[in-house]
Q: 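To start, I am sharing the structure in question, which I have written as structure tokens.
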Amino acid sequence: MYLALLVIFLQCSEVYAQGKVFTFNRVEIRVQPSVKVKNGAPMSISCHADISKNTDFQLKHNFTIFKDGKLVFMTVSDKEDAWYEIPAAKSSDTGDYECTVKADGKLGFSNSIYVWVAGMTKPILTADKKEVVEGEVVKLRCELPEEVPPLEFVFRKIKTNSAPKEKRVPEQNQNFSEVEYYVEEGDNILQFDCFGKRQVRSGWESSQHSNRTLVTVKEPFIKPTLITKPSNNVTEGDQIEFECSTVVAQIRDIEIIFQKNRTILNSVRDKKFLRYSTVATQEDSGEYLCKVEQGTVSKTSKLNVFVSELFPRPTLSASMTKLDESKDLILSCSINGVRRANFSILRKSPSGDVLLKNSRVLPIKVSVNDTGFYTCKAEVKGIVKESKSVRINVYAPVSKPTLSVVSGSPEVVLGKPLQLICHSVMGTPPITFTFYKGDEIKKNVTNDTYATFLDEDIGLNDNGGYKCDARNNHSSGVKTSNILNVTVIVPIRDASLGSIPYGEVEVGSDTAFLCSVKEGSWPIDFKFFKKTDHEVLLHEVREYSDRTIWHKKTMKRRDTGTYYCMASNRASVDVRSRPITISVILAVWQKGVIAAFVLTAMAGAGAVALWWFLRKKKKAKGPSMEMSGSPLAPNLTSEKLTRQPSDGNYYSGSGYIEDNENHMKSTDESKGPDLESAEVDYTEVEVSTLDPHRGGLCGARLPAGAVALSRRQPAVKYPC
């Protein structure tokens with residue numbers, strides 16, 4: 001029974017579970033009253049879930065609302081809508097909103113919606129001081145309590161009848177900012193305000209301006225007063241007095257400075273006034289400044305002074321400004337419209353002016369040392385004025401110039417540049433030098449004592465014609481140098497070596513080596529070399545010619561080798577010839593002596609061989625005659641021995657000897673001239689006798705021909 005109840009329960013649960021089916025159609029987010037809301041107005045954001053169900057059953061909905069990806073609202077409801085209420089919207093509520101709904105494990109997402117809260121809250125500005133002294137600092141604080149960073153704060157300093165001065169301060173992590181303002185001279189009553197800015201999707205949005213904060217400024221001292229006595233319009237020679245004063249609350253550390261342009265004329269400390277007096281000159285015209293300083297506060301006053309001219313600047317005149325030495329020069333000083341004055345004439349010097357004469361006129365017989373600047377001074381009523389400087393040039397005549405080559409030697413290699421120098425020992429500079437090549441002017445140079453000229457166009461025929469002129473402002477005129485002749489050196493070109501005889505030379509004979517060049521200036525240095533492991537200099541000579549011959553006497557076998565020559569001249573370029581090969585061989589008479597010696601040696605060797613052969617032959621005849629008297633004589637005849645029919649390797653008696661002799665003769669005759677180069681071969685023949693017991697030749701068998709020939713082994717003997 002229990003089993004049946006369990007089955008029924010499970011089936012019912014399955015039917016119930018299959019009945020709870022739902023799906024999200026969409027999730028929507030809405031903003032009331034609109035997506036653009038004024039700052040401080042109420043705003044509500046709703047999240048709605050559109051769900052389809054197969055039956056009517058309850059679901060728990062988890063609503064979550066996000067702003068810019070951050071959670072701002074969350075609730076659980078069995079309804080399909082949830083509301084996020086904002087009673088007073090702030091600018092910080094601006095952003096992208098979206099919501100999600102989760103039910104029974106399923107999740108739905110809405111689209112994103114942008115909400116803009118227009119406007120910002122009014123900032124609050126505070127100052128740390130309400131009353132300050134010039135030179136002090138005011139610290140301001142601007143705050144936007146309901147806003148969130150990042151923000152930008154703008155502070156303004158407002159003065160009457162002037163545009164506000166702004167300071168911008170960005171803040172990334174806080175909703176307030178602080179700045180300091182320096183209180184300057186003239187800042188009597190100051191007003192400050194501020195406003196905030198933030199960046200939204202459409203650009204920058206600004207808040208209202210804050211309340212204005214008033215700051216009162218107190219002066220530590222008043223602006224100084226600058227006056228002149230008798231007035232600010234005076235004449236040269238008058239006494240003029242300046243006075244600068246101020247009113248100060250605390251005299252300690254007060255300083256008054258009096259200056260013209262950038263030059264300080266006078267100064268005092270811890271005093272309320274300053275005086276300065278002088279005799280007025282025309283140079284005293286201009287703007288004067290009185291400055292009062294205390295701590296960081298500084299105030300100034302300015303005054304223009306005009307000084308009228310008592311008399312004009314004197315003028316120095318010279319009878320001549322350029323003249324020859326020993327000439328007369330007259331210097332005179334004058335003032336236009338003034339006759340009575342104290343005059344003096346001076347010469348300028350780096351160490352100070354040199355007084356020449358207290359007079360209006362100065363005559364001088366000049367020398368070169370009188371060259372320089374001169375001036376004059378005039379004094380009226382204690383006012384001294386100086387004229388402009390006048391340059392006087394006194395000239396000594398130039399000496400005759402000398403023209404030379406910079407390198408020292410009056411010659412130049414063809415194709416190389418030639419540098420000349422023209423020099424005058426005496427003469428007042430500047431001196432103008434003129435270079436000539438032939439009659440053609442090549443260059444003009446103005447210098448002190450010398451000038452150089454570089455001629456880069458040197459031809460083969462440029463062997464002379466250079467000269468130079470020198471002149472200055474002396475009336476003597478131009479001086480000309482002597483004509484300089486320059487030798488053009490032609491470099492060596494194409495050296496060659498030959499010999500007579502050429503190629504092969506007999507031992508003991510003489511050989512002539514000829515070294516020549518195709519082109520080159522004389523003299524020419526010729527050198528002859530032989531190539532070995534290192535180059536060996538054999539002969540050298542200097543010739544005023546384009547060739548030279550070197551006779552080498554009594555050539556030897558060791559003189560065989562490779563030879564070359566080298567040529568050079570003053571162009572300092574060594575030119576080497578192609579090498580030639582010389583073979584030293586035996587002379588004809590030496591070859592004849594060697595041949596005669598060889599033939600003589602061969603003839604001697606042949607004679608010795610013949611003597612030896614005849615001697616051996618003579619010894620062989622003895623045993624043959626003994627055989628004819630032996631017991632076997634009846635069986636033999638007196639005829640020549642013939643070959644036994646049973647064995648062709650045996651020969652009998654004298655027949656063998658005779659054949660051998662004929663063979664030796666023919667062999668000796670056939671050798672002929674070969675005796676010059678070969679050793680003499682000889683044949684040793686041993687004739688065997690008949691063995692009385694065997695009836696045959698005694699000893700071993702002889703080969704066919706019965707001749708034993710050898711150069712290195714003795715003849716073989718066959719004993720009985």
Side-chain angles (χ1 to χ4, degrees), residues 24-51 58-103 107-126 141-155 169-178 193-213:
F24 283 100
N25 295 320
R26 66 180 179 276
V27 175
E28 293 179 332
I29 187 169
R30 300 185 183 94
V31 181
Q32 295 293 334
S34 68
V35 293
K36 183 177 181 181
V37 183
K38 289 185 178 181
N39 193 292
M43 179 179 69
S44 64
I45 300 174
S46 65
C47 183
H48 171 70
D50 184 2
I51 300 174
Q58 291 291 328
L59 281 174
K60 292 293 184 182
H61 306 91
N62 292 318
F63 292 93
T64 306
I65 298 177
F66 298 89
K67 173 184 171 289
D68 296 328
K70 295 180 181 180
L71 176 66
V72 294
F73 176 77
M74 184 173 63
T75 186
V76 179
S77 173
D78 55 0
K79 296 182 179 180
E80 295 183 352
D81 293 281
W83 294 87
Y84 171 43
E85 299 289 346
I86 301 175
K90 302 185 295 294
S91 59
S92 58
D93 294 324
T94 299
D96 289 302
Y97 288 84
E98 60 183 355
C99 71
T100 62
V101 181
K102 186 176 182 181
L107 190 63
F109 298 90
S110 73
N111 293 326
S112 176
I113 186 171
Y114 180 71
V115 178
W116 179 19
V117 179
M120 299 173 65
T121 57
K122 185 176 181 179
I124 301 172
L125 178 66
T126 58
R141 174 188 172 98
C142 186
E143 184 177 3
L144 289 165
E146 297 183 4
E147 304 296 336
V148 294
L151 298 168
E152 183 178 282
F153 292 88
V154 182
F155 295 84
V169 183
E171 295 289 351
Q172 299 293 328
N173 303 311
Q174 58 191 19
N175 61 356
F176 67 91
S177 181
E178 295 177 343
D193 69 5
C194 70
F195 63 93
K197 298 176 69 176
R198 66 187 179 98
Q199 195 168 16
V200 295
R201 184 169 295 181
S202 59
W204 284 92
E205 187 175 29
S206 299
S207 71
Q208 301 178 36
H209 286 245
S210 70
N211 57 299
R212 286 195 175 185
T213 300

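Please read all numbers here as calculations on a predicted model, not as lab measurements.
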Q: With a 3.5 Å distance limit and no angle check, can you tell me whether S207 reaches the backbone of G196 through a side-chain donor-acceptor pair?
A: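 Pair found, side chain donor or acceptor close to backbone of G196.
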Q: Around atom CG of D78, are there more than 12 heavy atoms from other residues, nucleotides or ligands closer than 6.0 Å?
A: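 Counting other residues, nucleotides and ligands, CG of D78 exceeds 12 neighbours.
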Q: So which heavy atom on K197 is nearest to which on V154, and how close?
A: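 So the minimum-distance heavy-atom pair works out to CD-CG2, 4.2 Å.
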Q: So, for Y97 and M43, which heavy atoms are closest and what is the spacing to 0.1 Å?
A: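 Taking Y97 first and M43 second, the nearest heavy atoms are OH-CE, 4.5 Å.
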Q: Considering residues at least two apart in sequence or located in another chain, which fulfil the side-chain hydrogen bond (donor to acceptor under 3.5 Å, both in side chains) criterion with S210?
A: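 In terms of side-chain hydrogen bond (donor to acceptor under 3.5 Å, both in side chains), with neighbours along the sequence ignored, S210 is linked to no residue.
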Q: Let me see the working for C194 and F153 under side-chain contact (heavy atoms from CB on, under 4.5 Å), right down to the final yes or no.
A: CA-CA 7 Å; C194 70; F153 292 88; 5.6 Å; no
Q: Can you name the ring-ring contact (aromatic ring centres under 6.0 Å, His included) partners of F176, sequence neighbours left out?
A: none
Q: Decide yes or no for D81 and S46: does some side-chain heavy atom of the first lie under 4.5 Å from some side-chain heavy atom of the second?
A: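 No, every pair of side-chain atoms sits at 4.5 Å or beyond.
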Q: Any idea which heavy atoms bring P149 and E171 closest together, and the distance?
A: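 Scanning both residues completely, I find the closest heavy atoms to be CB-O, 4.1 Å.
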Q: Any side-chain to backbone donor/acceptor pair from E205 onto G119? Under 3.5 Å, distance only.
A: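 Side chain of E205 to backbone of G119, a donor-acceptor pair under 3.5 Å: yes, one is there.
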Q: What are the two closest non-hydrogen atoms of V31 and I113, and how far apart are they?
A: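 Minimum heavy-atom contact is CG2-CD1, 4.0 Å.
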Q: Applying side-chain contact (heavy atoms from CB on, under 4.5 Å), run through N175 and L151 and close with a yes or a no.
A: CA-CA 7 Å; N175 61 356; L151 298 168; 3.9 Å; yes
Q: side-chain contact (heavy atoms from CB on, under 4.5 Å), that's the test. Do I29 and Y84 meet it? Break it down for me.
A: CA-CA 11 Å; I29 187 169; Y84 171 43; over 6 Å; no
Q: What's the separation between atom NZ in K122 and atom CD in E146, rounded to the nearest 0.5 Å?
A: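 Answer rounded to 0.5 Å: 13.5 Å.
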Q: Give me each pair satisfying side-chain hydrogen bond (donor to acceptor under 3.5 Å, both in side chains) with a member in residues 27-40, each pair once, sequence neighbours excluded.
A: R26-E28, E28-R30
Q: By salt bridge (Lys or Arg N to Asp or Glu O under 4.0 Å), which residues pair with E98, not counting sequence neighbours?
A: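 Applying salt bridge (Lys or Arg N to Asp or Glu O under 4.0 Å) to E98 gives none.
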Q: What pair of heavy atoms forms the shortest contact from V117 to D93, and how long is it?
A: CG2-CB, 3.8 Å
Q: For V27, what residues pass the side-chain contact (heavy atoms from CB on, under 4.5 Å) criterion, not counting sequence neighbours?
A: F24, C47, C99, V101, S110
Q: Locate the shortest heavy-atom distance separating F195 from Q208; write the atom from each residue and the value.
A: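 Answer, listing the atom of F195 first, then Q208: CB-O, 3.4 Å.
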Q: Could you list the donor-acceptor pairs under 3.5 angstrom formed by side chains in residues 59-77, with sequence neighbours left out?
A:
{"from": "H61", "atom 1": "ND1", "to": "L59", "atom 2": "O", "distance (Å)": "3.4"}
{"from": "H61", "atom 1": "ND1", "to": "S77", "atom 2": "O", "distance (Å)": "3.0"}
{"from": "H61", "atom 1": "ND1", "to": "K79", "atom 2": "O", "distance (Å)": "2.9"}
{"from": "K67", "atom 1": "NZ", "to": "S92", "atom 2": "O", "distance (Å)": "3.2"}
{"from": "K67", "atom 1": "NZ", "to": "T94", "atom 2": "O", "distance (Å)": "3.3"}
{"from": "D68", "atom 1": "OD1", "to": "D96", "atom 2": "N", "distance (Å)": "2.9"}
{"from": "S77", "atom 1": "OG", "to": "K79", "atom 2": "N", "distance (Å)": "2.9"}

Q: In terms of heavy-atom contacts, does CG of N25 have more than 12 from other residues, nucleotides or ligands at under 6.0 Å?
A: yes
Q: Once rounded to the nearest 0.5 Å, what's the spacing between atom CG of D193 and atom CG of L125?
A: 7.0 Å
